[in-house]
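What follows is a short report on a single structure.
In this text the structure is predicted, and so the values were computed from the model without any measurement. Residue numbers start at 1 and run along the sequence shown.
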Amino acid sequence: MQVLENVLSGQVEPGMYRIAADANAETIQSLAAAQGWRFFHVDGAAVEDKRSFIRAAGDAMQFPAYSGQNWDAFEESMRDLTWAPANGYLVLFDEPDLFAQRDAEQWAVARAILDEAVGFWRQQGTPLVVLFRRAGRSLPDVPWL
């Protein structure tokens, strides 16, 4: 998993990437932890719409209980993360196609917020990487690691 080690060491710029379907979540988590990064795993199989996406992401990322269940609150939480201090943040999002196919408009909003969060954290000097596993056809413009 050399390519992931390159991401975690800063040799690959933080961003949103597709990763092979057989990439092991536990291995990814171990590599991230070894570098002082926080790992969050979002199970896209449980995501059917905006509400279930925000709930799944919030549970995976341990958003505070006061975090709302709307796009503004999701965006604020993605830019905060003070409850999870780390050298960097790695989000593994499985099966984003399910959400994209069920509600393309809301998927576009979620994706834009994730992309903006990557840029925000880059400006703060803390990397945020979002990996999409088993992405299928919903992310043709997102590069592969």
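Grouping the Ile, Leu, Val, Met, Phe, Trp and Tyr side chains by contacts below 4.5 angstrom, directly or via other members, places L31 apart from F132. The cluster map of Ile, Leu, Val, Met, Phe, Trp and Tyr, joined by side-chain heavy atoms under 4.5 Å apart, puts W144 and I19 in different clusters.
A salt bridge between R55 and D49 is absent, with no side-chain N of the basic residue lying under 4.0 Å from a carboxylate O of the acidic one. Residues E13 and R122 are paired through a salt bridge, judged by an N-O separation under 4.0 Å between the basic side chain and the carboxylate.
Contact of the V12 side chain with the V129 side chain is not registered, since no non-hydrogen atoms from C-beta on lie closer than 4.5 Å. In this structure, the side chains of M16 and V118 come closer than 4.5 Å at one or more pairs of heavy atoms. Residues E95 and V47 form no side-chain contact, since every pair of their non-hydrogen atoms from C-beta on lies 4.5 Å or further apart. When side chains are defined from C-beta on, E5 does not count as touching Q35, because their heavy atoms never get closer than 4.5 Å. For the pair F74/Q69, no side-chain contact is recorded, criterion being any heavy-atom separation below 4.5 Å from C-beta on. Counting only heavy atoms from C-beta outward, the side chains of D94 and V42 never approach each other to under 4.5 Å. Residues M78 and W121 fail the side-chain proximity criterion, which asks for heavy atoms closer than 4.5 Å. With contacts defined as side-chain heavy-atom distances shorter than 4.5 Å, the pair V130/Y17 does not qualify.
The CD1 atom of I113 sits 7.0 Å away from the CD1 atom of I54 when rounded to the nearest 0.5 Å. Between atom CE of residue M61 and atom NE2 of residue H41 there is a gap of 13.0 Å, rounded to the nearest 0.5 Å. Within the model, atoms CD of E48 and CG of D103 stand 11.0 Å from one another, a figure rounded to the nearest 0.5 Å. S30 OG to F39 CZ: the interatomic distance, rounded to the nearest 0.5 Å, is 9.0 Å. For the atom pair CG (L92) and CG (L131), the distance works out to 6.0 Å, reported to the nearest 0.5 Å. Expressed to the nearest 0.5 Å, how far CG of L4 lies from OG1 of T27 amounts to 9.5 Å.
For an aromatic pair to be called close, the ring centres must be under 6.0 Å apart, and Y89 with W37 fails this. The aromatic ring centroids of F53 and F93 lie less than 6.0 Å from each other.
The heavy-atom pair separating L98 from G44 by the smallest distance is CD1-O, 3.8 Å. Scanning both residues, A73 and S67, for their nearest heavy atoms gives O-OG, 4.1 Å. Residues R18 and V142 share a closest heavy-atom pair of CD-O, 3.2 Å.
In this structure, E105 places its CD atom where only 12 or fewer heavy-atom neighbours from other residues, nucleotides or ligands lie under 6.0 Å away. Around CZ of R102, the count of heavy atoms belonging to other residues, nucleotides or ligands within 6.0 Å exceeds 12.
In the model, Q101 has no side-chain atom that pairs as donor or acceptor with a side-chain atom of W107 under 3.5 Å. For the residue pair T126/Q124, the side-chain donor-acceptor check at 3.5 Å is not satisfied. Side-chain contact check for R38 and Q62: at least one donor-acceptor pair (N or O, by modelled atom type) lies under 3.5 Å. With no hydrogens or angles considered, no side-chain donor-acceptor pair links S77 and D80 at under 3.5 Å.
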Can R79 and E116 be said to form a side-chain contact (heavy atoms from CB on, under 4.5 Å), step by step? CA-CA 9 Å; R79 291 174 176 242; E116 290 168 7; 4.3 Å; yes
Tell me, with the steps shown, if L139 and R111 meet side-chain contact (heavy atoms from CB on, under 4.5 Å). CA-CA 10 Å; L139 298 163; R111 185 177 166 188; 3.7 Å; yes
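Between L128 and the options L114, V91, L90, a side-chain contact (heavy atoms from CB on, under 4.5 Å) holds for only V91.
The backbone N or O of D97 lies less than 3.5 Å from no partner atom in the side chain of R137, so there is not a single donor-acceptor pair.
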